[in-house]
Amino acid sequence: MTELFSHQGVALEQRGNTLWVSGGVDATTAAALAAAGSQWLVSTSFRELRISFEGVDKASSAALSVLLEWLRISRQYSLDVVAVELSAPLRRLANLAELETLLAFSAPPSGPG
């Protein structure tokens, strides 16, 4: 586990080939979080990766915006995102926003791993 970003209770960690986000992502932290994850995506040697927002404790359009930015960068750099894992609140918001067709949902969150 490598910490890539930590600010105001929001953390981004690299856990193997997974970007793991936790905390309450909001408008005040989203840009810096997106930048930290983008920097990792651009420099990673992994060709297949996972993105996990399982540790995000509340629904937030800012968190979904960060996720969409990372998916865009992944495509740009030919990285294969094999799973996107969302916490229950974020999954509900993504479904409400009809984003499920853009996201490859995995099984329901199972906790840190």
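Note that the coordinates shown come from a computational prediction; the quantities given were computed from them, not determined experimentally.
- Partners of Ser60 under the side chain to side chain contact (heavy atoms under 4.5 Å, CB included) rule, at least two apart in sequence or in another chain, are Ala62, Ala63.
- One finds the CG atom of Leu93 at 9.5 Å from the OG atom of Ser87 (value rounded to the nearest 0.5 Å).
- One finds the OG1 atom of Thr18 at 8.0 Å from the CG atom of Leu49 (value rounded to the nearest 0.5 Å).
- Contacts classified as salt bridge (charged side-chain N to carboxylate O under 4.0 Å, His left out) and involving residues 66-81 (residues at least two apart or in different chains) are given here: Glu69-Arg72.
- Looking only at distances, no side-chain donor or acceptor of Thr2 sits under 3.5 Å from a matching main-chain atom of Gln14.
- Separation of atoms CG (Leu33) and OG (Ser65) is listed at 11.0 Å; rounding is to 0.5 Å.
- The shortest distance between side-chain heavy atoms of Leu99 and Leu67 does not fall below 4.5 Å.
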For residues 4-11, please give each side-chain donor-acceptor pair under 3.5 Å, one per line with the distance, not counting sequence neighbours.
from: Gln8; atom 1: OE1; to: Thr28; atom 2: OG1; distance (Å): 3.1

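- For the salt bridge (charged side-chain N to carboxylate O under 4.0 Å, His left out) condition, no pair includes a residue of residues 39-48, sequence neighbours left out.
- Interatomic distance, Glu54 CD to Leu90 CG, rounded to the nearest 0.5 Å: 10.5 Å.
- Contact of the Asn17 side chain with the Thr44 side chain is not registered, since no non-hydrogen atoms from C-beta on lie closer than 4.5 Å.
- With hydrogens and angles ignored, the 3.5 Å screen pairs no side-chain donor or acceptor of Thr29 with any backbone N or O of Val25.
- For Gln39, the CD atom is loosely surrounded, since the number of other residues' heavy atoms within 6.0 Å does not exceed 12.
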Steps toward side chain to side chain contact (heavy atoms under 4.5 Å, CB included) verdict (Val66, Val21)
CA-CA 10 Å; Val66 170; Val21 181; 5.9 Å; no
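- A ring-ring contact (aromatic ring centres under 6.0 Å, His included) check over residues 27-60, counting only residues at least two apart or in different chains, returns the pairs Phe53-Trp70.
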